[in-house]
Peer 1: 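Have a look at this one.
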Amino acid sequence: MEDLEKRLKELDPTRLPQHVAIIMDGNGRWARMRSRERSDGHAEGVNSVTRITRFSSDIGIKYLTLYAFSTENWNRPQAEVDMLMNLIGWTIRRETPDLVANNVKIHLLGETDRLPEDVQQSLYDGVKATAHCTGLNLQLCLSYSSRWEITRAVRELAEKAMRGEINPDRIDEHTVAESLSTRDIPDPDLLIRTGGEERVSNFLLWQIAYSELYFTPVLWPDFDNSVYLDALIDYQRRERRFGKTSDQVKAE
Ligand code: IPE
Ligand code: IPE
Ligand code: MG
């Protein structure tokens, strides 16, 4: 703990990423290494969610986006899907009072109407209960995939064009960004993936165009504040050039 506080001082509070997105991977392997059920890994993963949300809020991150269940995850064994759905519902019900107390506002990204109705209800209750919160914005991606999101946006734009509400010639990057479920949210500055895999698995493909990527072998249940701090410190050492030269960036 003392060590963590010392290392926190390495962090420049004026250069924090505004938006951190995380692909929370490795729950199954965490359980397997302990000869336990995959469900135990997911349950343990929830503790990391709580911890990282709390820490993000404490240090002043404005947006935290968590990939909790992908469109592709529906293809897992039914028992695991059922377990995950129950866990999501149960967790949101348990955590909502704490989220309110910490001024955290919940947003949902994804095709949530595919979730069991009781889980949807718990999620909407959580969104409603935290709607007035002004601290950390917590985006939970559930039944989310980027291609689903972009496809839906394309369909909406096409329908608007057919109705004559927009002129196709006027569609620009801003129009597209405004059609995505992240319309009110800045793009992620930092994308973290735990669990050792170095891929993006259909997550925020449009939004991560210029994000800094950070991959760690640490499995999600083991992802603690200290590993998170490693990622944040690493992020602050990078120079984001957005296509410009290093000299230009330094002059700005
Ligand atoms: C991430 O952990 C959680 C979800 C995708 C829901 P995994 O369940 O993918 O864990 P591994 O990759 O099998 O270790
Ligand atoms: C990505 O993890 C999805 C989430 C973390 C929710 P997966 O474990 O499903 O990713 P792949 O299939 O290994 O790429
Ligand atoms: Mg995985």
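One-based numbering, in listed order, for ligands and for the atoms of each.
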Peer 1: Please determine if the Mg ion (ligand 3) has an N/O/S atom from E197 lying under 2.8 Å away.
Peer 2: no
Peer 1: Is it true that Q236 and E212 share a donor-acceptor pair across their side chains at a distance under 3.5 Å?
Peer 2: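 There is no such pair between these side chains.
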Peer 1: Could you tell me whether ligand 1 has any atom less than 4.0 Å away from a heavy atom of E197?
Peer 2: no
Peer 1: Can you figure out which of R199, E72, R193 has its heavy atom closest to atom 2 (O) of ligand 2?
Peer 2: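 Heavy atom nearest to atom 2 (O) of ligand 2 belongs to R193.
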Peer 1: If the contact criterion is a heavy-atom separation under 4.0 Å, does H42 count as touching ligand 1?
Peer 2: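 H42 counts as a contact of ligand 1 under the 4.0 Å cut-off.
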Peer 1: By atom name, which N, O or S atom of D25 is the nearest to the Mg ion (ligand 3)?
Peer 2: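 Within D25, restricted to N, O or S, the Mg ion (ligand 3) is closest to atom OD1.
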Peer 1: Report the part of R76 in contact with ligand 1, treating N, CA, C, O as backbone and CB onward as side chain, heavy atoms under 4.0 Å; options are side chain, backbone, both, neither.
Peer 2: side chain
Peer 1: Once you measure the plane-to-plane angle for F242 and Y210, does it fall in the parallel (<30°), tilted (30-60°) or perpendicular (>60°) bin?
Peer 2: tilted
Peer 1: Going by the angle between their ring planes, with limits at 30° and 60°, are W220 and F223 parallel, tilted or perpendicular?
Peer 2: parallel
Peer 1: Would you say the side-chain atoms of W206 and S146 include a donor-acceptor pair closer than 3.5 Å?
Peer 2: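 The answer is no; no qualifying pair exists.
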Peer 1: Between the side chains of N103 and T134, is a donor N or O closer than 3.5 angstrom to an acceptor N or O?
Peer 2: yes
Peer 1: Taking atom types as modelled, find out whether T50 and N47 have a side-chain donor-acceptor pair closer than 3.5 angstrom.
Peer 2: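 The criterion, which ignores hydrogens and geometry beyond distance, is not satisfied for N47 and T50.
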Peer 1: Counting only heavy atoms closer than 4.0 Å, does ligand 1 sit against the backbone of R38, its side chain, both, or neither?
Peer 2: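 It is the side chain that gets close, since no backbone atom is under 4.0 Å.
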Peer 1: Quick check: does G28 get an N/O under 3.5 Å from an N/O on ligand 1?
Peer 2: yes
Peer 1: Can you find a non-hydrogen atom of G195 under 4.0 Å from ligand 1?
Peer 2: no
Peer 1: Test side chain to side chain donor-acceptor pair (under 3.5 Å) on R238 and Y214; report intermediate values, then the result.
Peer 2: CA-CA 11 Å; R238 302 186 190 187; Y214 186 87; over 6 Å; no
Peer 1: Between ligand 2 and R29, can you find any atom pair, the residue atom being a heavy atom, that is separated by under 4.0 Å?
Peer 2: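 The answer is no, since R29 has no heavy atom less than 4.0 Å from ligand 2.
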Peer 1: Go through the side-chain N and O atoms of S56 and Y228 and say whether any donor and acceptor fall under 3.5 Å apart.
Peer 2: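 A pair is found: one side chain offers a donor N or O, the other an acceptor, under 3.5 Å apart.
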Peer 1: Only one of K105, H19, H107 clears side chain to side chain donor-acceptor pair (under 3.5 Å) with N137; which?
Peer 2: H107
Peer 1: Within less than 4.0 angstrom of ligand 1, does G45 place any heavy atom?
Peer 2: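 For ligand 1, residue contact (heavy atoms, under 4.0 Å) with G45 is absent.
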Peer 1: Decide whether Q18 and Y63 meet the rule of one side-chain donor and one side-chain acceptor closer than 3.5 Å.
Peer 2: no
Peer 1: Indicate, as side chain, backbone, both or neither, the part of A68 found under 4.0 angstrom from ligand 1 when only non-hydrogen atoms are considered.
Peer 2: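 The part of A68 near ligand 1 is the backbone, not the side chain.
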Peer 1: I'd like to check atom 12 (O) of ligand 2 in this structure: does the protein have a heavy atom lying under 4.0 Å from it?
Peer 2: no
Peer 1: Checking side-chain polar atoms at under 3.5 Å, does N202 have a donor or acceptor matched by the opposite partner on E72?
Peer 2: yes
Peer 1: Using 0.5 Å steps for rounding, measure from the CG atom of L136 to the OG atom of S57.
Peer 2: 5.5 Å
Peer 1: Looking only at protein heavy atoms, identify the closest one to atom 5 (C) of ligand 2 and say how far it is in Å.
Peer 2: M24 O, 3.3 Å
Peer 1: If you count the atoms of ligand 2 from 1 in the order shown, which ones are under 4.0 Å from a heavy atom of I23?
Peer 2: 1 (C), 5 (C)
Peer 1: For atom 14 (O) of ligand 2, what is the nearest protein heavy atom, given as residue, atom name and distance?
Peer 2: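 Checking every protein heavy atom, the shortest distance to atom 14 (O) of ligand 2 gives S201 OG, 2.6 Å.
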Peer 1: Does any N or O of ligand 2 fall below 3.5 Å from an N or O anywhere on N73, backbone included?
Peer 2: yes
Peer 1: Could you list the atoms of ligand 2 found under 4.0 angstrom from a heavy atom of D25?
Peer 2: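 Those atoms are 2 (O), 8 (O).
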Peer 1: Within a distance under 4.0 Å of any heavy atom of F69, pick out the atoms of ligand 2 and give their elements.
Peer 2: 6 (C)
